[in-house]
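Only one structure is covered here, and it is reproduced in the block below.
Throughout, a chain's letter reflects where its sequence line sits, starting with A, and its residues are numbered from 1. Bear in mind the structure is a predicted one, so any value in this text is a computation, not a measurement.
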There are 2 protein chains.
Amino acid sequence: MATPREAFIETTARLLELQGYHATGLNQIVQESGAPKGSLYYYFPDGKEGLTAEVIERIGASLAGHIRDQLAQVADPGQAIDLFIQQMAAAMTASDCRGGGPLATVALETSASSERLRSACRDAYRSWQRAFADKLEAGGYAPERAARLGELIIALLEGAIILCRTERSSAPLEHLAEELRPLLRRMEE
Amino acid sequence: MATPREAFIETTARLLELQGYHATGLNQIVQESGAPKGSLYYYFPDGKEGLTAEVIERIGASLAGHIRDQLAQVADPGQAIDLFIQQMAAAMTASDCRGGGPLATVALETSASSERLRSACRDAYRSWQRAFADKLEAGGYAPERAARLGELIIALLEGAIILCRTERSSAPLEHLAEELRPLLRRMEE
DNA sequence: GTCTATATGCAGATAGAC
DNA sequence: GTCTATCTGCATATAGAC
C-alpha cells in the first residue's frame, strides 16, 4: 500500500465485502487503512459514495480478470467452471463463510438508493458474466446460449453465497458445483 | 393493522425488504407505522434486533406458506415451479425492481454480525427450500434429489433477484424461468 | 400503554491552519 | 497534502411523568 489513496481503496474493498455499505464507516476505513485521516476528502472529494464507486469498479475489473485467468487453465468450459466453483468454495471455508461475493451486499443495499453505485455494480456483474460467456463461446456454445448461461452462473454463484453465509457452511457452493457438472456436460451435446 | 405491535412488524417487514437493516431506522419505522412512538420498546424490549428477529420469522413462515399455496395449484412440479417464477418476475416488475427477496439484503448484512438474525434468516431459507423440495418429492423425485434441487432453486432465485435489482429489469428472473423449464423436464426422465 | 425529553455516541462532511 | 477541530444530524436506547 504505497499511497494513501491505494490504502483507502484496498481497505474499503475489504470492509465492504465483510460488512456492507452502511455498516462501514469512514472512521473505520481511515483507521484500518493506516492512511492519514486528513487526506480522505482530498483524494475523494465526493466522500463515501465516490470512494465506494471507485472500489466497486476496481473489484469488478479485478475479479473479471481473475475469472478469465482461472478459466483459461482448463480447455473444456464445463470442467473449467467446475474447478472455479470448487475454488470459490475453498475460499469461502477459508474466510469462515464471511467473505465471498465482494459486491453482493453493497449491490442490494444501494441499488434502490444510489444510481451511481447501482450502475457500478451492474457493470461489474456484466463483466463477470461476460468472462464466463466468452469461455463458453470459445468452447463451442452459440453466443446467445453462452450469454444466457453466463447470467445463470452468476445468479447461481451469488445466491449460493447468500446461503453459505446464512448457513455458515460452504456446502451450498459445493452442491452447486456438483449440480452444474452434469448440466454443462449435457448441454455440450 | 389493529395493534401497534402488528403495525411495527408489518412496517418493518416492508422497509427491510426495500432498504435493508442498517438503512432502516427506528424513527422511520415508528413514523410510517403510525403506531405510538412510546410503545416500541414496550412491545420489543430488545429493541431493533428483537423486532427484526420477529419480522424475519414472520416473513419466513408467510412466504413458505405462499410458496406451498402456489405450487399446489399445478400438479406437475416443473410446471408449478415455472409458473411460480413467472409470478415472481411479474411482482418484480410491479415493484419497479426494488422489491423481491424480502430477506436477501438483511441476510447478507447481518450474517456476520448477529448470530440471532443469522439463524433466523437461515431457518427462513430452509423452510422455503423445503416447500420446493416437498413439491418435487410429491412429483416423484427421490428425497435427496428433491432437497438438492430445492437448494438450487433458492440459490437461483436469490441470485436472480440481485441481478434484477442491479439491472433494474425483471429479465434475469424471466430468463431463469426459461432455463429451468427444460431442466426440470429433463430431470423427470 | 403511551408520552416527552433526553442521554450518548457516531455518522458524513467541512473549515481553515500549516 | 495533511492536520485538528468542529458542524450538523441522526442513530439506538432509556428515564420518568402520566
- Message: Going by the rule ring-ring contact (aromatic ring centres under 6.0 Å, His included), which residues pair with B/Y21 if we only count those two or more places apart in sequence or in a different chain?
- Response: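 Here no residue qualifies.
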Please tabulate the protein-to-nucleotide N/O contacts below 3.5 Å involving nucleotides 11-14 of chain D, giving atom names and distances.
unit_1	atom_1	unit_2	atom_2	d
D/dA11	OP2	B/N27	ND2	2.8
D/dT12	OP1	B/K48	NZ	3.0
D/dT12	OP2	B/L26	N	2.8
D/dA13	OP2	B/Y41	OH	2.8
D/dA13	OP2	B/K48	N	3.1
D/dA13	O5'	B/Y41	OH	3.3

- Using the side-chain hydrogen bond (donor to acceptor under 3.5 Å, both in side chains) rule, collect all pairs that involve residues 153-163 of chain A, keeping only residues at least two apart or in two chains.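 Output for this query lists A/Y125-A/E158.
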- Of all pairs that satisfy side-chain hydrogen bond (donor to acceptor under 3.5 Å, both in side chains), the ones with a partner from residues 36-48 of chain B, not counting sequence neighbours: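 Found B/D46-B/R116.
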Please tabulate, for the side chains in residues 59-72 of chain A, all donor-acceptor contacts under 3.5 angstrom to protein atoms that are two or more places apart in sequence or on a different chain.
unit_1	atom_1	unit_2	atom_2	d
A/R68	NH1	A/D134	OD2	3.1
A/R68	NH2	A/D134	OD2	3.2

- Query: chain B on DNA chain C: first and last contacting nucleotide, 5' to 3', under 4.0 Å to a heavy atom?
  - Reply: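 In short, chain B contacts DNA chain C from C/dG1 to C/dC3.
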- Query: Can you name the residues that form a side-chain contact (heavy atoms from CB on, under 4.5 Å) with B/E17, not counting sequence neighbours?
  - Reply: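 If we apply the side-chain contact (heavy atoms from CB on, under 4.5 Å) test to B/E17, skipping adjacent residues, the hits are B/P102, B/R165.
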- By salt bridge (charged side-chain N to carboxylate O under 4.0 Å, His left out), which residues pair with A/E32, not counting sequence neighbours?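 Scan of A/E32 (salt bridge (charged side-chain N to carboxylate O under 4.0 Å, His left out), adjacent residues dropped) gives A/R14.
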- Partners of A/R5 by side chain to side chain donor-acceptor pair (under 3.5 Å), sequence neighbours excluded?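 Side chain to side chain donor-acceptor pair (under 3.5 Å) list for A/R5, sorted by chain: A/E54.
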